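Remarks on the structure that follows.
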Number of protein chains: 2
Amino acid sequence: MAGTRRHGAGRGRPTLEEVAARAGVGRGTVSRVINGSPRVSDRTRTAVEQAVAELGYVPNRVARALAANRADAVALVIPEPETRLFAEPYFSDIIRGVGAELADTDLQLLLTLIRTPKERQRLADYLSAHRVDGVLLVSVHADDPLPDLLERIEMPAVLSGRRSAHETVPYVDSDNTGGAQSAVEHLIGRGRETVATITGPLDMYVAQCRLEGYHAAVRAAGREVEAELVASADFTEEGGRRAMRQLLSRRPDLDGVFAASDVMAAGARQVLREKGRSVPGDVALVGFEDSAVARHMDPPLTSVRQATEEMGRAMVRVLLEEIAGRSDRTAKRPQMVLPTQLVRRESS
Amino acid sequence: MAGTRRHGAGRGRPTLEEVAARAGVGRGTVSRVINGSPRVSDRTRTAVEQAVAELGYVPNRVARALAANRADAVALVIPEPETRLFAEPYFSDIIRGVGAELADTDLQLLLTLIRTPKERQRLADYLSAHRVDGVLLVSVHADDPLPDLLERIEMPAVLSGRRSAHETVPYVDSDNTGGAQSAVEHLIGRGRETVATITGPLDMYVAQCRLEGYHAAVRAAGREVEAELVASADFTEEGGRRAMRQLLSRRPDLDGVFAASDVMAAGARQVLREKGRSVPGDVALVGFEDSAVARHMDPPLTSVRQATEEMGRAMVRVLLEEIAGRSDRTAKRPQMVLPTQLVRRESS
DNA sequence: ATCACAGCTGGGAGCGCTCCCACCGTACCT
DNA sequence: AGGTACGGTGGGAGCGCTCCCAGCTGTGAT
C-alpha cells in the first residue's frame, strides 16, 4: 500500500526525497542546498545541484509554505471604488511596478479587489489567518480600519499614500505638496494674475497636500490666498465641471487654474470651452497625475507627473524590508516620499 | 515533546483537530462539514458548525492545497508589452471582471506580468509544477507557445481573444467583425462617401477581424473595397498618425475614417487637425474600444464599445467549467463571443 | 594517544489538511 | 431470526517540505 499515489495531477514531479536519493544524500541536505544554506560542503552541493538539474526538480511551494508556516505571497489590496475614481493609469502603473519588483523574488502577487463590506470582512479573515506574508495597500481612506487591523495582527504592510501627516504605518507617497506648489509657481511665473484651484475631497490627505502646495506657492509670490479662488470637488470629471462653473461665476477675471487631478482638469476644460474661454490664451490650466487623459486633451495638458511605477517598486522594497526585519521591534518604520515633476504642455 | 510549536506566527489558530475535539466528532466529519459534503447528519453538522463558530475556525488553505493537490488559485497572465500598447482600461476592466467573478469562489487571483523571455520561462516552470488550477491568458499573440504548453500539461486555460479563426483553446472574445462593420455602416449611413480605415497589425487576428468588418460594410453598401483606403498601423498613437498621413496623401478626398482602436484614432485626430480638416465636418472619425481616450477627445469620439469587464467575468466562468469538467475529455471546448455596441459621440 | 570541538550530515517529527477504508449502527428485506 | 444494504462516522496514511537534534566525521589542542 505504501507509495500508492492517489492524485493524478502532479504525477511524476520529482520530490525532495527523490533528489536526495539520486544525489546519495539525505533530505535535509538537499533542503539546505535548495535554500542556499552555507553549511554544506562544495562537494555535496555540486552533487545535489546535478541531481536537481537531471531530475528537473522544482520545489513545491505549497509544501514549503505549510512546513515553514510562510505563505510566499503578498497581497495587493485595491479598494474597488478607487479604481473608477482615480484615473486608471495610476492603478495599472502601480501594479506594473509591484510586479516588476516582485519578479526577482519568489513571492507570488495576490490581487484583491474590494467592493463590498462583506468582501472587506473576508479579506480581514484571510489576512488574520496569515495566508500572506505582507500586504500592499493602495489608496486607503483615513477611516479605513484595515491598517490598524494589520498592525494588530503584526502583518507587515505598506501603504501607497498617507492617511494623515502623522502616518504610523510604513508608506510610500509622492510629494503632493511640492508638486502642487511647482505647478502653481509655474502658472504664476507665466504671468498669471488670478490663479484658482480645484481641490480633491478635503477629507483625503492627498487633496489637503495639493491644496497646501497651492497656498504655499501663492504666498511665496507675495499674494493673498483668496477663499473665492478655491473650489473643492471629488476627483471626478463632473466634479471638475461643477467647480469650474463655480469659480467662473465667482471670479470671471481668473486667468489660471490648477486642478488637483487630470480628470478634474478635463472637466474644467469642457466648461471653459462652453464659456468661450480659450486655453491657454484666456485661462492657463494645469493638472496633476500626468495620466493619459492629459496627453489626449486639446490642448495637451500641463501636469505634475508622479513616478507611479516607481512607487509600486518602492512599496515592494519597503515591504520586503518589513518582512525581513520584523525581529527588531524598535526599528523605525520606513517611510518615503518620491519627488514629482512638472511636465509642460500647451495648456499653460 | 509532543505538541511543541515551533513557529510563532499563526499561533493559536484553531485547527481541524481542535474543532473536532470540541464538537466531539472525528476529523473526517469536520472536514466533510466544512466542504459541504451531503453525507453528514443534520445533528452532527449543527454541532460542528457551532464549534467552528465558537473557535473562529478558518481552514488553512495551504494545508488543504497540499493534501488535496489543488492550488485553490488561478493565474491571470498579462504580457507586459500589451498593457502599454493597448489602452489601459482594457487591462484594468478585465481585472475588475475577473476579480468580481472570483470573489464568490474561494479561488485566489494570482497576477503574473510577463516582460522578458526569462520570465516567460519561469512562468512555464511554475505552471508545469501545477501550482495553479487554471490560467487566464490576456491578449495572446499567434505565435505564443504558452497555450500549447498549457494544453500539453492539461492545465485548464481560457484566452481573451482568439489567435486565429480556428482557435482550439477555450476563449472569450468580442465580436470584432460585427463591431467594425456597424461602425463603418454608421459612417456610410451618415452619408460619407469615401471611408478609409486604419488597421491594427495584421498578424493579429483581432486586427484581421476588424478589417474584415470594414470590408463587409463597404461591400454591403454596394461599393468596391479600395486598397488605397486601407492603411495598417500597430495600435499605437504614433502609428495612427503615420497611417493618417498616408491616407490623406493617397486620398485627399476621404471624408470618413474608421480606426481599429481609440488610441490610433487619437493619433489620426491630431494629423487631421494639423492638416486643417475639421472633425466631423470634413472627416468623420470612429474608433474601437470605447476607452477613456474616446471620451476625452475633442470632439468626443464615436467608438465601438466592447463589454470588457463582462469578458473578464465570462472568462472566469468558462475557466471554472473547464476545471470542473476536465473529466469528460470529449466535451466540446467552451468558446464565446460577446456582442459589441456602437457608442455615438460628436466625432461622426 | 585522548579529548574537545568544530563542520556536516541524516532523518524523525510535524505542519493542517484530504482521502479513503474500515466500521458501526439501523432499516429493510427474505 | 439472519442477511443485506447503506447512511454516517472515526481515524490512519500521506501530501512535500522545513526544522531541529543527534550523530558522525576530521582536525587541532592537550
Side-chain angles (χ1 to χ4, degrees), chain A residues 1-48 52 55 57-72 106 129-131, chain B residues 1-21 23-48 52 55 57-72 106 129-131 133:
Chain A
M1 181 108 326
T4 312
R5 285 261 203 150
R6 279 170 284 122
H7 313 297
R11 186 58 267 218
R13 285 257 130 205
T15 69
L16 240 208
E17 192 99 40
E18 296 172 46
V19 175
R22 174 154 201 139
V25 301
R27 257 183 12 262
T29 304
V30 178
S31 176
R32 254 160 265 153
V33 172
I34 300 294
N35 294 293
S37 157
R39 5 216 74 239
V40 181
S41 68
D42 286 349
R43 216 184 139 53
T44 313
R45 165 167 289 117
T46 312
V48 171
V52 165
L55 260 31
Y57 171 76
V58 183
N60 182 329
R61 311 176 69 101
V62 177
R64 179 192 302 218
L66 179 61
N69 197 28
R70 289 176 303 174
D72 275 348
D106 47 19
H130 284 269
R131 297 305 174 247
Chain B
M1 180 108 325
T4 313
R5 286 260 201 150
R6 280 168 286 121
H7 314 297
R11 180 62 263 213
R13 284 259 130 206
T15 69
L16 240 206
E17 193 98 39
E18 295 171 49
V19 175
V25 300
R27 260 187 4 266
T29 304
V30 177
S31 176
R32 254 160 265 152
V33 171
I34 299 295
N35 294 293
S37 156
R39 4 216 75 239
V40 181
S41 68
D42 286 349
R43 218 184 137 54
T44 312
R45 163 167 291 118
T46 311
V48 171
V52 165
L55 260 31
Y57 170 75
V58 183
N60 182 330
R61 310 177 70 101
V62 176
R64 179 192 301 216
L66 179 61
N69 197 28
R70 290 176 302 175
D72 276 347
D106 48 19
H130 285 269
R131 295 306 174 250
D133 299 320

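Within every chain, numbering begins at 1; the chains are lettered A, B, ... in the order of the sequence lines, protein sequences first and strands thereafter. Predicted model only: the values in this text are computed from it and were never measured.
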Salt bridge (Lys or Arg N to Asp or Glu O under 4.0 Å) partners for B:R27, two or more places apart: none
5' priority, DNA chain C, between B:A65 and A:R43 [closest heavy atom]: A:R43
Smallest separation among heavy atoms of B:A47 and B:A23, with atom names: O-CB, 4.0 Å
Length of the CZ-P vector between B:R45 and D:dG8, whole Å: 9 Å
CG-CZ distance between B:D42 and B:R45, expressed to the nearest 0.5 angstrom: 6.5 Å
Point-to-point distance, once rounded to the nearest 0.5 Å, from CG of A:L16 to CG of A:L55: 11.0 Å
Integer-rounded Å distance: C:dG11 C1' and A:E17 CD: 9 Å
Protein-nucleotide distance (B:R70, atom CZ; D:dG16, atom P), rounded to Å: 15 Å
Minimum-distance nucleotide to A:T44 side chain [options: D:dC15, D:dT9, C:dC8]: C:dC8
Integer-rounded Å distance: C:dT18 C1' and B:D72 CG: 12 Å
Using atom types as modelled, flag every donor-acceptor pair under 3.5 Å from a side chain in residues 57-64 of chain A to any protein atom, sequence neighbours excluded.
residue	atom	partner	partner atom	Å
A:N60	OD1	A:V62	N	2.8
A:N60	OD1	A:A63	N	3.2
A:R61	NH1	A:D106	O	3.4
A:R61	NH2	A:D72	O	3.4
A:R61	NH2	A:D106	O	2.2
A:R64	NH1	A:N35	OD1	3.4

Degree of bending, the helix from C:dA1-D:dT30 to C:dT30-D:dA1 (end axes from five pairs; round to 10°): 50°
Given DNA chain D, 5'-ward residue of the pair B:V40 and B:R131, judged by closest heavy atom: B:V40
Nearest-angstrom distance from the residue atom CZ of A:R13 to P of D:dG14: 23 Å
A:N69 CG - D:dC20 C1' separation (whole Å): 16 Å
Close residues, residues 26-39 of chain B, relative to DNA chain C [heavy-atom separation under 4.0 Å]: B:R27, B:S31, B:R32, B:N35
Atom pair distance, as rounded to whole Å: CZ in B:R64 and P in D:dG16: 19 Å
Short side-chain N/O contact from B:T15 to OP1 or OP2 of C:dC15, under 4.0 Å: no
Which atom of B:V40 lies closest to which atom of B:R32, heavy atoms considered: CG2-CB, 3.7 Å
Side chain of B:L66 - closest among D:dT9, C:dG10, D:dC15: D:dC15
Listed partners of A:A71 passing side chain to side chain contact (heavy atoms under 4.5 Å, CB included), at least two apart: A:D133
Touch class at under 4.0 angstrom, heavy-atom based, for B:V62 against every strand present: nothing
For atom CG of A:L16 and atom P of C:dG12, their distance in whole Å: 15 Å
Minimum-distance nucleotide to A:S41 side chain [options: C:dT9, C:dG16, D:dC17]: C:dT9
Side chain to side chain contact (heavy atoms under 4.5 Å, CB included) involving B:S41 - partner list, sequence neighbours excluded: B:R43, B:T44
